[in-house]
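I am attaching a structure below and will ask some questions about it afterwards.
Order of listing sets the numbers, starting from 1, for every ligand and every atom in it.
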Amino acid sequence: MTREELKAAAIAMLDRAYVPYSHFPVGAALECADGTVFTGCNIENAAYSPTLCAERTAVAKAVSEGHRDFVRIAVTGRCEDYCFPCAVCRQVLYEFAPDMEVISLNGKGEELALPLRELLPHGFGPAYLLEDKEDK
Ligand code: THU
C-alpha cells in the first residue's frame, strides 16, 4: 500500500467511528512489515472509560490476527490541527514497534510525520521486564 493509500484508509475509517458523546471521529490505518494493513476507529461508550481510541482498535485487530511488526500508522481526525495519538496509544504502539513512524493528518488531509520515539522519548518498553527472563 502506498503512503497515500494508507492515509486514505485512515480517512475512510472516520465514517465508522462511534462517537455519540465527543462527536470527534478518529480514523487509523496501521501497516505491518509484510504490508498487511489493519484499520481502526474510535468506539465510545456511555460509561466513558471503556472508550477505545482508533489506534488501539487497529492494534487489537492486528495483534489478535498475529501481527506485531508495525512499520507505520496513519491517524486522522476532522480537526484543524494534526491528530496525534494520545499518550496511552503511544505507549501501546511502543510496546510492539518503538521504531515505527506516526503519520498524523489534519482535517484537510495534510500530514505531519514523526518517529514514535520522538513522540514518546525514553519510553518504557518490554526490555525492562523481559531481561533475563525465560519467555523473552
Ligand atoms: N481519540 C482517539 O481515537 N485517538 C487518540 O489518540 C486521541 C483520542 C478519541 C477518543 C475519543 O473517542 C475522542 O477521540 C475524544 O477524545
Mutual orientation of the aromatic rings belonging to Tyr21 and Tyr18 [parallel < 30°, tilted 30-60°, perpendicular > 60°]: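 The rings of Tyr21 and Tyr18 stand perpendicular, inter-plane angle above 60°.
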Ligand-residue contact atoms, ligand 1 with Pro85, heavy atoms, under 4.0 Å: 6 (O)
Interfacing atoms of ligand 1 (cut-off 4.0 Å, heavy-atom, Thr51):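 So the atoms of ligand 1 that pass are 12 (O).
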Polar atom proximity, Ala54 to ligand 1 (N or O, under 3.5 Å): yes
Thr76 side chain vs Ala10 backbone, donor-acceptor pair below 3.5 Å: no
Ligand-residue contact atoms, ligand 1 with Glu55, heavy atoms, under 4.0 Å: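 With Glu55 as reference, the close atoms of ligand 1 come out as 2 (C), 3 (O), 4 (N), 5 (C), 6 (O).
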Under 3.5 Å donor-acceptor, Asn45 side chain and Thr51 backbone: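 No; zero donor-acceptor contacts below 3.5 Å.
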Side-chain (Thr57) to main-chain (Cys41) donor-acceptor, under 3.5 angstrom: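 A pair under 3.5 Å: yes.
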Sub-3.5 Å N/O-N/O distance, Val26 and ligand 1: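 No, no N or O pair falls under 3.5 Å.
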Exercise: do Ser22 and Glu44 side chains pair donor with acceptor under 3.5 Å: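 Checked: Ser22/Glu44 side chains pair up, N/O donor to acceptor below 3.5 Å.
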Per atom 7 (C) of ligand 1, closest listed option by heavy atom (Cys86, Cys79, Ala28):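 Checking each option, the heavy atom nearest atom 7 (C) of ligand 1 is found in Cys86.
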Arg72 and Asp99 ion-paired at < 4.0 Å: no
Protein contact to atom 11 (C) of ligand 1 [nearest heavy atom, distance to 0.1 Å]: Glu44 OE2, 3.3 Å
Lys/Arg-Asp/Glu bridge criterion (N-O < 4.0 Å) met for Glu110, Lys7: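 No, Glu110 and Lys7 are not salt-bridged.
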Heavy-atom proximity to atom 2 (C) of ligand 1, best of Ser22, Gly40, Cys53: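 Going through Ser22, Gly40, Cys53 one by one, Cys53 has the nearest heavy atom to atom 2 (C) of ligand 1.
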Protein contact of atom 9 (C) of ligand 1 - nearest heavy atom, named by residue and atom, plus distance: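 Of the protein heavy atoms, Asn42 ND2, 3.4 Å lies nearest.
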